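One structure is given below, encoded as structure tokens.
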Amino acid sequence: MFEYKNIDVIKSANQFEIEGDIKSVERFGSGHINDTYCVTTNRPGGKRYLLQRVNSNIFQNVAGLMDNTNLVIDHLKRKLISLGQEPDVEKKTLTLIPTRTGELFFQDQESDCWRMFILIEDTKSYDIVGTPAQAFSGGQAFGDFQRSLSDLDATRLVEILPNFHNIDFRMSNLAAAIAEDAAGRAVEVQDVLTYIFDRKDRMRTVLKMGNEGKLPLRITHNDTKFNNVLLDMNDNVQCVIDLDTVMPGYVAYDFGDAIRTIINSAAEDEEDLSKVILNIPLYEAYSRGYLSEAKDFLTADERDSLLHGVFLLPYMQAVRFLTDYLNGDTYYKIQYPTHNLVRTNAQLKLVHELESNEQMLANILNASMSI
Ligand code: ADP
Ligand code: GN1
Ligand code: MG
């Protein structure tokens, strides 16, 4: 991949309507997909900005993606204003900074696309959740996000990554990766594949419910891992971020993906599998926070689907990491050659832990629904 020098990043940053002259650009955050930079200017007390190079290998329709982002942000801002929260609009939603020619993104000579947001100050995003209060706030954030978008016409959104959470699609990608074996790694992952294929029927439950017409398609976030919500310094909800995958989807996907990162006591790529254990108080807190916002709009079948999402999302994530490993690491950023395999095993250990505690997880979720 083409490596950007600071000077090139500054050049890209300068395409946007920022106030003041750029003092510095620095790498920021820990996402797996886009390259993110913090842009500081020399204006005393001035805003900082968040510049991102969108991963155009993954997002091939950047114009559609930016239209989606703009539409969603605009809808959320109008909602806040209608609730009398105008002064908080730049804190509680992302704000896009247009280019100096009024576009939503800038395409450079390498054909890479860049976009800019206001950097929301005095916020934190957590790769690993520490306290039930943080988990509760995260649940509120994503529940409120789904509710706030429930009256946005879904046909106005482009489906940016079709079949994103469709497990049949992910399994067929895995099968293709095994058949092609581009990196010659299939031989070393036979046990992992057995573990995955043993569970494939059960993991189709949400998709089956959807196909039977039991689950409404809603506008969902589709990347609800916990570092995609910003909390304030007191761990109250501030803002949902990373809107690249906002598309029609099932609520179980958002719920399951959030729980995937919250309930895991270890990092997504923990090598020591004995550390991948469940943090039940965080699960309970997220469930309560989410349902405090969502329970009134969820149907009975959607409520039933949530627990299936909890099993499905770490499983699907393992399938995706393993597919990338077999393909020779073309999708996720990696730090070392076996990174995607380590991630796969950590997700599957999580699936194992969830399966071993299924009844308790169900009981907690049911209790949270009746509060
Ligand atoms: P990726 O798709 O690579 O995950 P994100 O949009 O999630 O990219 O951004 C990466 C990280 O940057 C986030 O996890 C968060 O820590 C930080 N971040 C993103 N947007 C903002 C913002 N507007 N204000 C403050 N921090 C942000
Ligand atoms: C990616 O962009 P980021 O790091 O928030 C991925 C998610 C995965 C996640 C796993 C567009 O999310 O689907 O769940 O990594 N995003 C895309 O950490 O594929
Ligand atoms: Mg992110």
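This chain uses plain numbering: 1 for the first residue, then up along the sequence. This structure is a prediction, so every number in the text was calculated from the model and none was measured.
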Looking only at heavy atoms, which two atoms of Lys47 and Ile118 are closest? And how far apart? CE-CD1, 3.7 Å
Tell me whether the NZ or CZ atom of Arg202 lies within the 45° cone about the ring axis of Phe311 and under 6.0 Å from its centre. yes
Which class fits the ring pair Phe145 and His221: parallel under 30°, tilted 30 to 60°, perpendicular over 60°? perpendicular
Between Asp88 (side chain) and Lys92 (backbone), is there a donor-acceptor pair under 3.5 Å? no
What pair of heavy atoms forms the shortest contact from Leu291 to Ser368, and how long is it? CD1-CB, 3.7 Å
Rounded to the nearest 0.5 Å, what separates atom OG1 in Thr245 from atom CD1 in Ile58? 11.0 Å
Check: Lys91 main-chain N/O paired with Gln238 side-chain donor or acceptor under 3.5 Å: yes
From Asp108 CG over to Cys113 SG, what is the distance, rounded to the nearest 0.5 angstrom? 7.5 Å
Is there side-chain contact between Ile160 and Gln60, with at least one heavy-atom pair below 4.5 Å? no
Same cluster or not: are Val310 and Ile280 linked, directly or through other Ile, Leu, Val, Met, Phe, Trp or Tyr residues, by side-chain heavy atoms under 4.5 angstrom apart? yes
Value rounded to 0.5 Å, distance of CE in Met203 from CE in Met171: 9.5 Å
How about Glu17: does its CD atom have over 12 heavy atoms from other parts shown lying under 6.0 Å from it? yes
Look at the side-chain heavy atoms of Ile, Leu, Val, Met, Phe, Trp and Tyr, link any pair under 4.5 Å apart, and say whether Ile33 and Tyr37 land in one connected group. no
Residue pair Thr93 / Ile120: nearest heavy atoms and the distance that separates them: O-CD1, 3.9 Å
Do the two ring centres, one from Phe142 and one from Tyr290, sit under 6.0 Å apart? no
Exactly one candidate in Arg343, His32, Gln317 meets side-chain hydrogen bond (donor to acceptor under 3.5 Å, both in side chains) with Glu268; the answer is His32
Test: Asp296 and Arg147 ion pair at under 4.0 Å: no
Testing the basics here: between Tyr325 and Pro337, what is the closest heavy-atom pair and its distance to 0.1 Å? CE1-O, 3.7 Å
Please check this pair: side chain of His75 against backbone of Asp153, looking for a donor-acceptor N/O pair closer than 3.5 Å. no
Counting distance only, does the side-chain N/O of Thr220 pair as donor-acceptor with the main-chain N or O of Met247 below 3.5 Å? yes
With distance as the sole test, does Glu302 use its side chain to make a donor-acceptor pair with the main-chain N or O of Thr299 at under 3.5 Å? yes
Could you tell me if the side chain of Val54 sits less than 4.5 Å from the side chain of Phe105, heavy atoms only? no
Has Gln109 got more than 12 heavy atoms of other residues, nucleotides or ligands less than 6.0 Å from its CD? no
To the nearest 0.5 Å, what is the distance between CG (Asp112) and CG (Asp8)? 10.5 Å
Set out, in order, the CA-CA distance, both residues' side-chain angles and the distance that settles salt bridge (Lys or Arg N to Asp or Glu O under 4.0 Å) for Asp74 and Arg78, then state yes or no. CA-CA 6 Å; Asp74 186 61; Arg78 282 169 201 268; 2.9 Å; yes
I want to check something: taking the side chain as every heavy atom from C-beta on, are Phe255 and Leu307 in contact at a cut-off of under 4.5 Å? no
Does a salt bridge link Asp244 with Arg115, judged by any charged N lying under 4.0 Å from a carboxylate O? yes
Does any non-hydrogen side-chain atom of Arg218 lie less than 4.5 Å from one of Pro248? no
In terms of hydrophobic clusters joined by side-chain contacts under 4.5 Å, are Leu348 and Leu278 together? yes
If you define the side chain from C-beta out and look only at heavy atoms, does anything of Met233 sit under 4.5 Å from Asp122? yes
Evaluate whether atom NZ of Lys124 has more than 12 neighbouring non-hydrogen atoms of other residues, nucleotides or ligands under 6.0 angstrom away. yes
Distance-only donor-acceptor check, side chains Gln146 and Asp254, under 3.5 Å: yes
Starting from Ile18, can I reach Met66 by hopping between I/L/V/M/F/W/Y residues whose side chains sit under 4.5 Å apart? no
May I ask you to decide if Lys349's main-chain N or O and Glu353's side chain share a donor-acceptor pair within less than 3.5 Å? no
Is the side chain of Asp232 donor-acceptor paired with the backbone N or O of Asn234 at a distance under 3.5 Å, no angle test? yes
Are Leu65 and Leu76 linked, directly or through intermediate hydrophobic residues, by side-chain heavy-atom contacts shorter than 4.5 Å (ILVMFWY only)? yes
So does Glu358 have more than 12 non-hydrogen atoms from other groups sitting under 6.0 Å from CD? yes
So, do Asn34 and Phe59 sit near enough that their side-chain heavy atoms are less than 4.5 Å apart? yes
Could you measure the distance from the OG atom of Ser287 to the CD atom of Glu284? Nearest 0.5 Å is fine. 7.5 Å
Decide, yes or no, whether a salt bridge links Arg27 with Asp35 under the criterion of side-chain N to carboxylate O below 4.0 Å. yes
Verdict with supporting geometry, Lys214 and Asp301, salt bridge (Lys or Arg N to Asp or Glu O under 4.0 Å): CA-CA 6 Å; Lys214 287 186 178 160; Asp301 280 330; 5.5 Å; no
Backbone N or O of Asn227 within a donor-acceptor pair of the Tyr126 side chain at under 3.5 Å? no
Would you check, one step at a time, whether the test side-chain contact (heavy atoms from CB on, under 4.5 Å) holds for Leu149 with Val72? CA-CA 8 Å; Leu149 294 178; Val72 168; 4.0 Å; yes
How far apart are the closest heavy atoms of Ser125 and Val229, and which atoms are they? CB-O, 3.8 Å
Crowded around Lys11 NZ? As in, over 12 foreign heavy atoms under 6.0 Å? no
N/O donor-acceptor pair under 3.5 Å between Arg199 side chain and Tyr195 backbone: yes
Salt-bridge present (Asp168, Arg204; N to O < 4.0 Å): yes
Can you classify the ring geometry of Phe106 versus Phe16 as parallel (below 30°), tilted (30 to 60°) or perpendicular (above 60°)? perpendicular
Heavy atoms of Leu231 and Gly138 approach each other most closely as CD2-N, 4.5 Å
Between Asp329 and Arg185, does at least one N-O distance fall below 4.0 Å, as a salt bridge requires? yes
Quick check on Lys333: does its NZ atom have over 12 non-hydrogen neighbours (other residues, nucleotides or ligands) under 6.0 Å away? yes
Centre of Tyr286's six-membered ring, under 6.0 Å away, within 45 degrees of the axis: is that where NZ or CZ of Arg288 sits? no
Heavy atoms, side chains only, cut-off 4.5 Å: are Asn70 and Leu96 in contact? yes
Atom pair OH/CG of Tyr332 and Asp269 - distance to nearest 0.5 Å: 12.5 Å
Between Glu270 (side chain only) and Asp272 (backbone N and O only), is there a donor and an acceptor less than 3.5 Å apart? yes
Side chain proximity check, Val246 to Leu157, heavy atoms < 4.5 angstrom: yes
Hydrogens and angles aside, do Gln347 and Arg260 bring a side-chain donor and acceptor to less than 3.5 Å of each other? yes
Counting only heavy atoms not in Leu83, do more than 12 sit closer than 6.0 Å to its CG atom? yes
Does atom CZ (Arg100) have a neighbourhood of more than 12 heavy atoms from anything else shown, all under 6.0 Å? yes
